[in-house]
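Reviewing the structure listed below.
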Amino acid sequence: MISIDGVDVQAPVDATILEAAAKQGTEVPTLCYLETLTAASTCRLCVVEVEGARVLAPGCSRQVEEGMVIKTRSPRVDRARRMVLELLASSVDLSLAPELLELAEEYGAAPERFGEVRAQVQLPVNTDNGLYVQDLSKCVLCYRCVSACGDDAQHTYAISVTDRGFGAAISTEFGVALPDSACVFCGNCVAVCPTGALIVTTEYDMRQAGTWDEELQTVTRTICAYCGVGCNLDVHVQDNEIVKVTSPFDHEVTAGNLCIKGRFGWSHVSGPASPD
Amino acid sequence: MDLRNVTTPPSDRERVAIDRVLADHGFAETDGTPGRTAIGGRSAATRRDLLLPALHALNDAVGWISEGGLGYACERLTVPPAEGYGVATFYDQFSFEERVEVVRVCDDIVCGPYADQLIAGLDGIEVERTPCLGRCENAPVAFIQQPGFRRTEIAPASPQSVLEGEPTSVDTHIGVIGEAVLLARVGSVDPESLDDYRGAGGYQALSRALDEGADAVLDRIEAARLRGRGGASFPAAAKWRAVAQAQGDKIVVCNADESEPGTFKDRVLMEADPFAVIEGMTLAAYVTGAERGFLYVRGEYALAERRMIDAIEAARAAGLLGEDVADGGFAFDVEVRRGAGAYICGEETSLFNSIEGLRGEPRDKPPFPTQEGLFGLPTVVNNVETLVGAVAITMDKDGNSKLFPISGAINNPGLYEAPLGVSVAALIEAAGGPTSDVQAVLVGGAAGKFLLPDDLEVTLDHGTEPPLGSGAIVVFDTATDMEVIVDRIARFFRDESCGKCVPCRVGTIRQVEALERLGNGAAERETLDDLAAVLRDASICGLGQLAAEAVQSALDLELIGGPSD
């Protein structure tokens, strides 16, 4: 038995605080956490107060222990979360992370107080391939893309975190272009990116042109026809044109992952008819 | 693992350097069968821990890490090149641009006043400013890295001594209040002689342990209340007992990545009494049943590393490490691993990741090292001083004795030993008193707290204020601009943050910026307090959690920023 916000809760021994809280109906905000990936616990947004502990605990990775008394909200927790949001909003372009911006407002984050002259992540937009765009000025270093490219899904290991501290960034070896790296363009990194730092080129181009409009889009679930695995596809259509393909995270076969063909091999659907 | 390797080939020197270091660590590319070689592959999958030694071999051999060199290291070890690059770029000592040599000049809180002049005198040489090099008692300090496996520590450094590249052989001043326990042999035995060490009582603790059994050793260390001397003050016996009770393979790690600004105690122990460190590790191994030991020494401690390697070889040759240690019926051996310029790797879980060939980022705790430490195995990780203390306690010496490196505006900067409970004033007096009027004293290094001249009667102990930390004491006189000192401390944490968690990655840089605005008279106290709160509460590890301590204490004491409201 553990206690969450004053309510006694039963939770399995290997449950995380996040899972136990969700079971009880308490939502804890997250950023770097994704159910299909190993928790890297880098963002510290999901910190909660554990009675008797010196510091706050990350809900995504800390497992519950018998008798644990947890507060998911308290002045201490809220201050830490507000600061995490303030630090992120002051250093990274969160314009494609509306949920994070909403949270920042909810917690009263005031990033402008860090002044006009402040370090910000400013890296050039990488369009070195035709399938997806890396805009690392939007990167919050949640490590999700690295996990998806590596041990958690793709086992390609094309990207890693490089350098240290505020200069840390996602990169290939020696910063080589993605087509010259181990990247297989499965786009599974794009699928897990929470802030639009990784985005498929069609969406990027339409956003640049101001024509991307999710309200006009329909999403149709279908099954990929390229091979026999049976990956589910969510086909995003705007103005009768496919604009993006994703895969549901809750699907037991794919867990959100696809290969290059499933995610990017659809231009023939609405492209020009072949000559013969 | 099917990897895409780097296509640029290594140079001959790079290839030879990597082949040699891997062979030295028992990972040769051939098993001796003619015509059979194995590059990478299944056998390499378990040797990722050789990545850091391979990177050092490249940097030592040719002075930098090229694409071809890194690519070959990755190929031999079946490490994805992107990951290899991610690991290599984590460390300050590695260059990715071709260079002949680099002179690192310390500009930290003790050496800072000398740095500009020294650098100006080195016109035309590639100089990098660097955080504390751990020879503060003989400031200023420089460290030269040259290709051909040459690393030189110079203290005190002058333009001439740096240009000549000869290590200056000025001894560390030693002082003792009460009985010398930890420093008993320092300066009086030849650190290169095992016989000398034994003649001075060395290895009697291990003999006694073998006679009386592991439980007796544990009980004695518990009764002496030996607590960790790296800064966290965790009871050593609790760690040893937990690992002793664990099943399966276990590991003993000696944390010799001493990098706390103003701290040089572990360096002196390793340089002057290396066998005591080995005996301490061996004692821990005997008590816990660990057969493998790792000593992780900071990359700037060239002499200490040399002494430790030589001492390990001598101990091995004498049967004091190996298959049957001291005919005691247990096996234990020690490998030295060298850090590469990253303060964070002194954090125990970062240290594990660094040894394992991963980026030196901290892990969430729990699980604790005694449960899942190095290579996921139950691990005892102790500071150098703690291990030497365990040896002394086994011989019924006072477990309360503590080392205090004292530097700055003090007449006899050096390493001092005194019983815990000693006052800061007594330590300063033992070190010959201040050179002029004291403005402030920093206790515990960059992660510590300042004291005002009126507060120096305060005593130092585990669990009391100010926190003991590493025991480092730095004295600042009234001529010191404390804004410069506090700014240097803030920049230290900004530069040394690994970047893994948001509070530390962004919070430490915002702290530097807020202090700059403070210097312009802005009201930034609330911002700095909020930064301190998120750093302390939500950072993954001790680096972030303590990154605002010194800044906050300087503000509280009005050493900077004028009166606080």
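Remember, predicted model here, so these are calculated numbers, not experimental data. Order of the sequence lines fixes the chain letters, A, B, ..., with proteins taken first and strands second; residue numbering starts at 1 for each chain.
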Nearest-0.5 Å distance, [atom1] of residue [X] to [atom2] of residue [Y]:
X        : Y        : atom1 : atom2 : answer
B:Ile344 : B:Asp495 : CD1   : CG    : 13.5 Å
B:Thr46  : B:Leu77  : OG1   : CG    : 10.0 Å
A:Glu173 : A:Tyr157 : CD    : OH    : 14.5 Å
B:Glu361 : B:Ile540 : CD    : CD1   : 8.0 Å
A:Thr195 : A:Leu100 : OG1   : CG    : 8.0 Å
B:Arg359 : B:Thr89  : CZ    : OG1   : 5.5 Å

Quiz prompt | N/O donor-acceptor pair under 3.5 Å between A:Arg81 side chain and A:Leu45 backbone | solution =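 The answer is yes, because a donor-acceptor pair under 3.5 Å joins these two groups.
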Using residues 50-58 of chain A as the side-chain source, report each donor-acceptor pair under 3.5 Å to any protein atom, sequence neighbours left out, with the distance given to one decimal.
| unit_1 | atom_1 | unit_2 | atom_2 | d |
| --- | --- | --- | --- | --- |
| A:Arg54 | NH1 | B:Gln545 | OE1 | 3.2 |
| A:Arg54 | NH2 | B:Gln545 | OE1 | 3.3 |

Looking at [X] and [Y], does any basic side-chain N land under 4.0 Å from a carboxylate oxygen?
X        : Y        : answer
A:Arg44  : B:Asp364 : yes
B:Glu356 : B:Arg363 : yes
B:Asp487 : B:Arg491 : yes

What are the two closest heavy atoms between [X] and [Y], and how far apart are they?
X        : Y        : value
B:Pro261 : B:Tyr343 : CD-CE1, 4.4 Å
A:Ala11  : A:Ala15  : CB-CB, 4.3 Å
A:Leu94  : A:Leu101 : O-CD1, 3.4 Å
B:Tyr85  : A:Thr162 : CD2-CG2, 3.5 Å
B:Pro369 : B:Glu348 : CG-OE2, 3.4 Å

Exercise. Go through the structure and list residues passing ring-ring contact (aromatic ring centres under 6.0 Å, His included) with B:Phe368, not counting sequence neighbours.
Key: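 So B:Phe368 forms no ring-ring contact (aromatic ring centres under 6.0 Å, His included) with any residue.
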Part of [X] within contact of chain A (heavy atom distance under 4.5 Å):
X        : answer
B:Thr8   : neither
B:Ala514 : neither
B:Glu83  : both
B:Thr7   : neither
B:Tyr91  : backbone
B:Phe90  : both
B:Ala88  : neither
B:Glu516 : neither
B:Arg536 : backbone

Taking side chain as everything from C-beta outward and backbone as N, CA, C, O, which of these in [X] sits under 4.5 Å from a heavy atom of chain B? Side chain, backbone, both or neither.
X        : result
A:Ser181 : backbone
A:Thr172 : backbone
A:Arg62  : side chain
A:Ala119 : both
A:Val47  : side chain

Chain B: which of [options] shares the most heavy-atom pairs with it under 4.5 Å?
options                               : answer
A:Gly175, A:Ala169, A:Ser41           : A:Ser41
A:Ala80, A:Ala158, A:Ser90            : A:Ser90
A:Ala182, A:Ala40, A:Ala168, A:Gly115 : A:Ala182

Practice problem: Can you check whether anything in residues 106-114 of chain A gets within less than 4.5 Å of chain B, heavy-atom wise, and list it by number? | Solution: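 If one takes a 4.5 Å heavy-atom cut-off, the residues of residues 106-114 of chain A near chain B are A:Arg113, A:Phe114.
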Quiz item: Among residues 132-146 of chain A, which ones touch chain B with a heavy-atom distance under 4.5 Å?
Solution: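 The list, in residue order, reads A:Val140, A:Leu141, A:Tyr143.
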Practice problem: Could you check B:Leu518 against B:Leu515 for side-chain contact (heavy atoms from CB on, under 4.5 Å), going step by step and ending with a plain yes or no? | Solution: CA-CA 5 Å; B:Leu518 192 68; B:Leu515 283 171; 3.9 Å; yes
Self-check item: Greater than 12 external heavy atoms within 6.0 Å of A:Glu105's CD
Solution: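 Not more than 12 within 6.0 Å, no.
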Among [options], residue most engaged with chain A (heavy-atom pairs, under 4.5 Å):
options                              : answer
B:Arg4, B:Arg517, B:Glu513, B:Glu496 : B:Arg4
B:Cys504, B:Ser539, B:Gly84          : B:Ser539
B:Asp530, B:Ile509, B:Leu535         : B:Asp530
B:Leu70, B:Val512, B:Val6, B:Val87   : B:Leu70

Self-check item: Residue from A:Ile17, A:Val9, A:Val69 passing side chain to side chain contact (heavy atoms under 4.5 Å, CB included) with A:Ile2
Solution: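 Between A:Ile2 and the candidates, side chain to side chain contact (heavy atoms under 4.5 Å, CB included) is satisfied uniquely by A:Val9.
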